[in-house]
Enquirer: 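Below is the structure I would like to discuss, written out as structure tokens.
Treat the numbers as computed from the prediction; the structure is a model and nothing was measured.
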Amino acid sequence: MSRIVKQKAFLNKISATTVKPQVVLDPSKYSALNLKFQQQNFNGHMGARKFWHEFLPTLQFYNPTLPINVTRIKNEDKKVDIPCVLQVTGPDGNVLAEVGMKDKHSSEIMDELLQKVEHTKVPSDQIIKV
């Protein structure tokens with residue numbers, strides 16, 4: 001597969017084929033998304049990592065002004081309990097919603113986020129496909 005074909009497939013994955021995060025969040029209500037999880041996949045953090053890779057690029061694509069802060073913490077001794085959480089902050093900096101991501105599948109995390117925040121589905125005629 002050529003580099004251009006791979007690039008096109010990657011862009012379409014972000015903009016058109018990953019459907020759940022094709023939503024717009026109101027920038028007057030939400031100022032940022034903050035993810036915190038460990039770098040390694042053990043201890044229930046795999047879903048958070050998959051969420052970060054699968055759903056956040058599309059969410060960012062349709063919400064370009066929304067800051068998404070990802071904090072990955074090294075846990076080399078595997079004895080420390082690292083938080084695995086997604087927080088939605090408001091314009092005043094307070095946490096408006098929180099999703100516990102530990103031991104959850106990436107699509108469960110996305111579903112729970114959509115339940116906790118007001119959002120508008122991107123109309124099908126505005127979905128960008130390359």
Side-chain angles (χ1 to χ4, degrees):
M1 194 182 317
S2 75
R3 183 173 51 93
I4 294 172
V5 172
K6 284 181 183 179
Q7 214 169 24
K8 183 178 175 184
F10 176 72
L11 290 172
N12 280 328
K13 180 180 183 229
I14 290 173
S15 65
T17 60
T18 307
V19 178
K20 278 187 185 184
Q22 292 174 347
V23 297
V24 176
L25 303 179
D26 185 353
S28 67
K29 293 182 182 177
Y30 307 111
S31 64
L33 294 179
N34 302 308
L35 279 82
K36 187 182 291 186
F37 57 98
Q38 66 189 18
Q39 285 183 341
Q40 301 85 355
N41 291 329
F42 65 88
N43 204 17
H45 290 241
M46 173 66 104
R49 184 173 160 265
K50 292 284 189 180
F51 173 79
W52 171 47
H53 280 281
E54 293 174 12
F55 293 110
L56 280 187
T58 304
L59 196 59
Q60 182 74 74
F61 183 83
Y62 288 105
N63 297 277
T65 61
L66 181 70
I68 298 177
N69 307 307
V70 178
T71 305
R72 296 179 68 208
I73 301 166
K74 247 184 191 178
N75 187 10
E76 295 191 16
D77 64 2
K78 300 181 183 182
K79 293 178 184 173
V80 179
D81 190 27
I82 303 296
C84 187
V85 67
L86 165 62
Q87 295 177 325
V88 181
T89 57
D92 57 358
N94 290 332
V95 176
L96 300 176
E98 189 170 283
V99 176
M101 300 186 294
K102 189 170 184 174
D103 296 320
K104 290 184 183 172
H105 191 273
S106 57
S107 61
E108 287 178 76
I109 296 166
M110 188 69 217
D111 290 340
E112 193 171 332
L113 174 64
L114 293 177
Q115 288 173 1
K116 292 188 176 193
V117 298
E118 292 179 38
H119 61 279
T120 307
K121 191 87 173 129
V122 176
S124 59
D125 64 332
Q126 293 180 12
I127 301 295
I128 298 168
K129 187 165 182 166
V130 182

Enquirer: Considering only heavy atoms from C-beta outward, does the side chain of K102 approach that of N43 to under 4.5 Å?
Expert: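 Contact flag for K102/N43 side chains = yes.
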
Enquirer: Quick check on the hydrophobic clustering: are I14 and L113 connected, directly or via other members, by side-chain heavy-atom contacts under 4.5 Å?
Expert: no

Enquirer: Just to verify, what does N63 make a side-chain hydrogen bond (donor to acceptor under 3.5 Å, both in side chains) with, not counting sequence neighbours?
Expert: none

Enquirer: Is it the case that the side chain of Y62 and the backbone of L25 share a donor-acceptor pair, with hydrogens and angles ignored and the cut-off at 3.5 Å?
Expert: no

Enquirer: Looking at residues at least two apart in the chain, or sitting in another chain, which of them share a side chain to side chain contact (heavy atoms under 4.5 Å, CB included) with Q60?
Expert: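 If we apply the side chain to side chain contact (heavy atoms under 4.5 Å, CB included) test to Q60, skipping adjacent residues, the hits are I68.
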
Enquirer: Any ring-ring contact (aromatic ring centres under 6.0 Å, His included) pairs touching residues 3-38, not counting sequence neighbours?
Expert: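 The answer is F37-W52.
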
Enquirer: Which residues satisfy the side chain to side chain contact (heavy atoms under 4.5 Å, CB included) test with P21, sequence neighbours excluded?
Expert: T18, F55, T58, L59, M110

Enquirer: Name all pairs fulfilling the salt bridge (charged side-chain N to carboxylate O under 4.0 Å, His left out) condition that reach into residues 9-27, sequence neighbours left out, sorted by first residue then second.
Expert: K20-D111

Enquirer: List the residues meeting salt bridge (Lys or Arg N to Asp or Glu O under 4.0 Å) with K8, not counting sequence neighbours, and say none if there are none.
Expert: none

Enquirer: Taking only residues at least two apart or on different chains, which pairs with a member in residues 57-66 satisfy salt bridge (charged side-chain N to carboxylate O under 4.0 Å, His left out)?
Expert: none

Enquirer: Residues in side-chain hydrogen bond (donor to acceptor under 3.5 Å, both in side chains) with K104, at least two apart?
Expert: E112

Enquirer: Looking at K36, I want to see if its NZ is surrounded by more than 12 non-hydrogen atoms of other residues, nucleotides or ligands under 6.0 Å.
Expert: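 Not buried by this count: 12 neighbours or fewer within 6.0 Å.
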
Enquirer: Which atom names give the shortest non-hydrogen contact between Q22 and S15, and what distance separates them?
Expert: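 Looks like NE2-O, 3.3 Å.
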
Enquirer: Among residues at least two apart in sequence or on other chains, which ones pass side-chain hydrogen bond (donor to acceptor under 3.5 Å, both in side chains) with D103?
Expert: none

Enquirer: With distance as the sole test, does H45 use its side chain to make a donor-acceptor pair with the main-chain N or O of Q38 at under 3.5 Å?
Expert: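 Yes, the answer is positive, given that a donor and an acceptor are paired below the 3.5 Å cut-off.
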
Enquirer: Might you work through the side chain to side chain contact (heavy atoms under 4.5 Å, CB included) test for L35 and L56, ending with a clear yes or no?
Expert: CA-CA 10 Å; L35 279 82; L56 280 187; 3.7 Å; yes

Enquirer: Would you list the atom pairs, donor with acceptor, under 3.5 Å between side chains in residues 121-130 and any protein atom, with sequence neighbours excluded?
Expert:
{"unit_1": "K121", "atom_1": "NZ", "unit_2": "V19", "atom_2": "O", "d": "3.0"}

Enquirer: Let me check something: do I109 and F61 share a hydrophobic cluster, defined by ILVMFWY side-chain heavy atoms less than 4.5 Å apart, either directly or through other members?
Expert: no

Enquirer: In sequence, state the C-alpha distance, the side-chain angles, and the governing distance for Q39 and R49, and then conclude on side chain to side chain contact (heavy atoms under 4.5 Å, CB included).
Expert: CA-CA 8 Å; Q39 285 183 341; R49 184 173 160 265; over 6 Å; no

Enquirer: Residues two or more places apart in sequence or in another chain: which of them pass side-chain hydrogen bond (donor to acceptor under 3.5 Å, both in side chains) with S106?
Expert: E54

Enquirer: Let me have the donor-acceptor pairs involving side chains of residues 82-92, under 3.5 Å, with sequence neighbours excluded, atom names and distances please.
Expert:
{"unit_1": "Q87", "atom_1": "NE2", "unit_2": "E98", "atom_2": "OE1", "d": "2.8"}
{"unit_1": "T89", "atom_1": "OG1", "unit_2": "S31", "atom_2": "OG", "d": "3.2"}
{"unit_1": "T89", "atom_1": "OG1", "unit_2": "A32", "atom_2": "N", "d": "3.4"}
{"unit_1": "T89", "atom_1": "OG1", "unit_2": "A32", "atom_2": "O", "d": "3.3"}
{"unit_1": "D92", "atom_1": "OD1", "unit_2": "N94", "atom_2": "N", "d": "3.1"}
{"unit_1": "D92", "atom_1": "OD2", "unit_2": "N94", "atom_2": "ND2", "d": "3.0"}

